[in-house]
Each structure stands twice: as structure tokens, then as C-alpha cells.
There are 2 protein chains.
Amino acid sequence: MYMKKESARPIISRRSRPAKTPLSRDVIVSSALEILDRDGLAGLSLRRVAAALDTGAASLYVYLTNLDELHALMLDEALATVQLPKSRRLSWRDRLKAFLLSYLHVLYNRRGLAQLALSTISSGPRTLLIWERLLGLLKEGDVEDAKAAWGVDLLTLYVTAIAAEKSNWRESGEGPGRVKDALLSASVEEFPLVVAFREALLSGDAEARLDWALDIIIDGIVGGRLPAASSAVPRPTQRRGTRSKP
Amino acid sequence: MYMKKESARPIISRRSRPAKTPLSRDVIVSSALEILDRDGLAGLSLRRVAAALDTGAASLYVYLTNLDELHALMLDEALATVQLPKSRRLSWRDRLKAFLLSYLHVLYNRRGLAQLALSTISSGPRTLLIWERLLGLLKEGDVEDAKAAWGVDLLTLYVTAIAAEKSNWRESGEGPGRVKDALLSASVEEFPLVVAFREALLSGDAEARLDWALDIIIDGIVGGRLPAASSAVPRPTQRRGTRSKP
DNA sequence: ACCTGAACACCGTTCAAGT
DNA sequence: ACCTGAACACCGTTCAAGT
């Protein structure tokens, strides 16, 4: 199952390649994305990328500081294909939803990418462009600045999470089957509500649920309260924060 | 840096342990959680768990089918400590938020657990209990069944995603610093809105943002539209679904 | 039935040596 | 400056052999 291909062959026959394919961040990233498509995140390794480029893993360290950096570069590159709908006939809201759906599909359609998106802090140019577009759409909807800013965070995080969850289901074999089994075998004594809600919990396809959730979140961003305070305001009584010093 | 500890010592001195510590799923899981606490997800391996239990990795396969299963067991076990606030003086809404915050803190406080939560499909008894509690709270708020069911999904996914994102920041060294840098160095020509929104994008601490987002989502679940249709209803025109057969 | 050592097929990263 | 082979310190999983 492990293609050892051209391992013990002294005749290398460089056929088409012009001498070697000069290494660069770009060729490394696109090579890595090809491997991701074929073998998923589990099949992606520096050694495999290097092998595809006909070199050793050590060579990549001239262009990358480590595997994490490659991940971030891959993610940002992949996000280049997220698309704003052209049709000007749609409302800002429908275009926002279409854009988020495009984002979702980009993450979901490429194996392992959604996983990567959640474990990688990306802030490359493609990521910035997505923020730019989202801010533009929310501004079209006359959302106040403070709400738009926080809304971008909320929307991207939610969509990323959905993509990752769906990806998991696909990658790990059988969809939400395990959850379904757990629901069906839950005891009424211990989990009366879960049992009572069985059908409702399992109802609806992924798209209907996503659409519902997006509507809720968008409505909330548009109509909800303003972010409580800018960073300079003293907080009211709060429950034991994450900050380290008072 | 790699504690080779008691590697080449013929005198093993079983001190306190009663003959050996008999292996079982439970001891394996709690041993694994200890390692997770100390060394994070990157430091967790079957070999290390086995070493802590004074045996070889192969021995664990009597109790586990693979590493993924251990992950799922660990997650479910850790979720046991999520707590419903006792104080009956709080509104259902405040108790819901406190419960979700407890969930968040359980995921966040244990290193690597949030990551695990997003890459693992958990459906053990502790997970079911969390659904049970959430359904109970939403019912107290007189949320319609269909909305409550989908709401559980939305709330847990969002909180898990937040925990994972914050965990990433902590685990990967410097918090949202990279994002901040990207924001500060973004060009006005390319990303005018991002630049204009700089301050708003960075404003507010994590708690304020979380609180804002939770309010939006809860409001949406309470007041938003009903899920469009139960699974049996024909869908209106939809954009190219994920389903495989028509 | 349970446990084990050894082996297999991999990893990321570093480093001294080459060009 | 860029590339490389070899080495280091790990992985998960399987398997034949032991008790």
C-alpha cells in the first residue's frame, strides 16, 4: 500500500522537468495541497511533500520554519477560491449567505482543510480578503461598525466549525451514525429529554440546519444589542476571567 | 529533555503498587488525561500512556481499538466535570449561560482538550448528559421543541469552536498577536475596510465577545423562526446539496 | 484471556558535509 | 546560499510468542 515507486532505481530519467523544478515556497505549498487532496491531512507530511518534489525533507527547511507554517500557508492559499456572488440582484443578506456558503464549501470540499482551518491561525492575504468582503457586506446592510467587526469573527468561526464537524463525519467513516446510535440507545430514566427529543435532534438535513443557524446569527448581528463596551471601559462584576494580572 | 527515567535499571522496586496496577479502560483513560494535562495533545501518545502504566503500547490494544477511541473516551470522561449552576435564583437564561461557560472552561482549562473536542465525535454518557441539561434549560425558557433541538447543536458547536480557538492561541505561543500584526500591516489600498475597522476588530476582551455572541445566539433560538421543515417535507429550490442521490 | 518484545512503516527536525 | 544523507528521537499498529 506504500508506493515505494522509484526507490532502488539508478536510472532516474528526468524526462520533462527542466533540470529539477527549483524549490520555492509556492511549489512547496501547491505540492502540499495536491497531497492533501489525494491523501487527506493524515497523509500529508513534510517527507511526502519533499518526495513529490524529488528531494529530502531537510531541503524544505530553507523555505519553511516548520510544519505549522506550511499548514498556515496551505490554508491561506486554499482560501483564494472563496467567491463573492456576482449577481447584483441578490440582497446584501443573500449575498452574505452565499459568500459564507462558498467559504464553507472551500473548507469542506478539500479533504482535511477544515481541520486545518481550526488548528491553524491564519492571517495571510486571502484571509484578510475574506474579512474585507464580510465587512463590506455587513456595511451594505447598515450594520453598526462595532457589531460588524465582532460579527465577522462570529460568522467565520461558526462556518469553520460547521465545516470541521462535517469533515470529521466524512473522514471518520460513517457520518453522524455514531451519534444516532447513542441517541437511539439512550435510557429513558437517565436521559428523558434526550429520548423525547430524539426525532427533533436528528431532523433536518445539514443544509436546512445551516441555513437556520446562519439566519439566527445574521439576525442577531443586525438587530442585537451593541457590543457592551469598548476595551477602555471598566468591566462590571465578572466571573474570574482569563487574564493573568489584575 | 526526554525523561528516560527508569530505562536501564534492573532493580524495579514496585514500591506502592499492588503487584502491577491491573489494566482497564478506566485506568488507561485517567492516565491519558494526566498526560494531557502535563504535556498537551502533542505530548500524548499510546506509548507514553503505556509507559506511565509500566507496560508496552501493544498491551493497550486489549482495551482500545485505536488512538481515536482513546481520544473519544478521554473527551467524554473530561466532560463529567461540566456543572449546572445550583443557585435557583438565576433565570433560566443566566443558568444556560453559566452552564455553557462551565462547558467552555472544562474544554479550555485542560490543555489540548478543546482540540480534541473538535476532532472527535463524542457520544458517551457525559455528552448525552450535557444535551439533556441544555434541553432542560431551553424547555424552561419555553423554547419550542424543534428550535430547542437544533439550538443544542448550535450552542455546543459554537462554544466548542470558541474553546478550540482560544486554546490554539495559548498553545501556539503568543495569543492573537499574529492576527494583530496582520491587521496592523494590512495595506489600505488592498483592504480598506479591514484597515478602517482595525480597532473595532481588536476591541473587547474574550469574555465580552463571548457574552455578546451567546446573547445573540440564545435570542435567535428563542425568538427566531422555526426550523423550516421536518425531514419529510420537499425542499424548495436549493443550491446543489451535499447529498449524493436525488 | 491477557500481556509482551520486537518489528514494520512511518514521523518532524537537526546537523555536518557538500556544491 | 542552497541542498543533501544520515541520524536522532520519536510515532501507531501488528504479530508471534509467552503466561
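We name chains A, B, ... by the order of the sequence lines, and we start the count at 1 in each one.
Between A:Leu60 atom CG and C:dT14 atom C1' the separation is 14 Å, expressed in whole Å. Taking atom NE2 on A:His71 and atom P on C:dC11, their separation rounds to 12 Å, with Å as the unit. Whole-Å rounding puts the B:Leu67 CG to D:dC11 P distance at 11 Å. One interatomic measurement links the two molecules: CG of B:Leu23 to P of D:dT19, which rounds to 19 Å at whole-angstrom precision. In this structure, the CG atom of A:Leu46 is 18 Å from the P atom of D:dC11, given to the nearest Å. Atom CZ in B:Arg47 sits roughly 10 Å away from atom C1' in C:dA7 (whole-Å rounding). One interatomic measurement links the two molecules: CG of A:Leu70 to P of C:dC11, which rounds to 14 Å at whole-angstrom precision. Distance CG (A:Leu44) to P (C:dC11): 10 Å, rounded to an integer number of Å.
In this structure, A:Arg133 is not positioned above the aromatic face of A:Tyr103 in the sense of NZ or CZ being under 6.0 Å from the six-membered ring centre and within 45° of the axis. Taking the ring axis of A:Tyr108 as reference, the NZ or CZ atom of A:Arg170 stays within 45° of it and closer than 6.0 Å to the ring centre.
Between A:Tyr61 and C:dG12 there is no side-chain polar atom (N or O) within less than 4.0 angstrom of OP1 or OP2.
With salt bridges taken as basic N to acidic carboxylate O contacts below 4.0 Å, none links B:Arg111 and B:Asp37.
Separation of atoms OG (A:Ser31) and CG (A:Asp26) is listed at 12.0 Å; rounding is to 0.5 Å.
Taking atom C1' in both C:dC3 and D:dC15, one finds a spacing of 13 Å when rounded to whole Å.
For C:dA16, the paired nucleotide is D:dT4, the pair qualifying as Watson-Crick or G-U wobble because both relevant distances are below 3.5 Å.
Where A:Ala58 and B:Ser45 each meet DNA chain D at their nearest nucleotide, the meeting point lying more 5' is that of A:Ala58.
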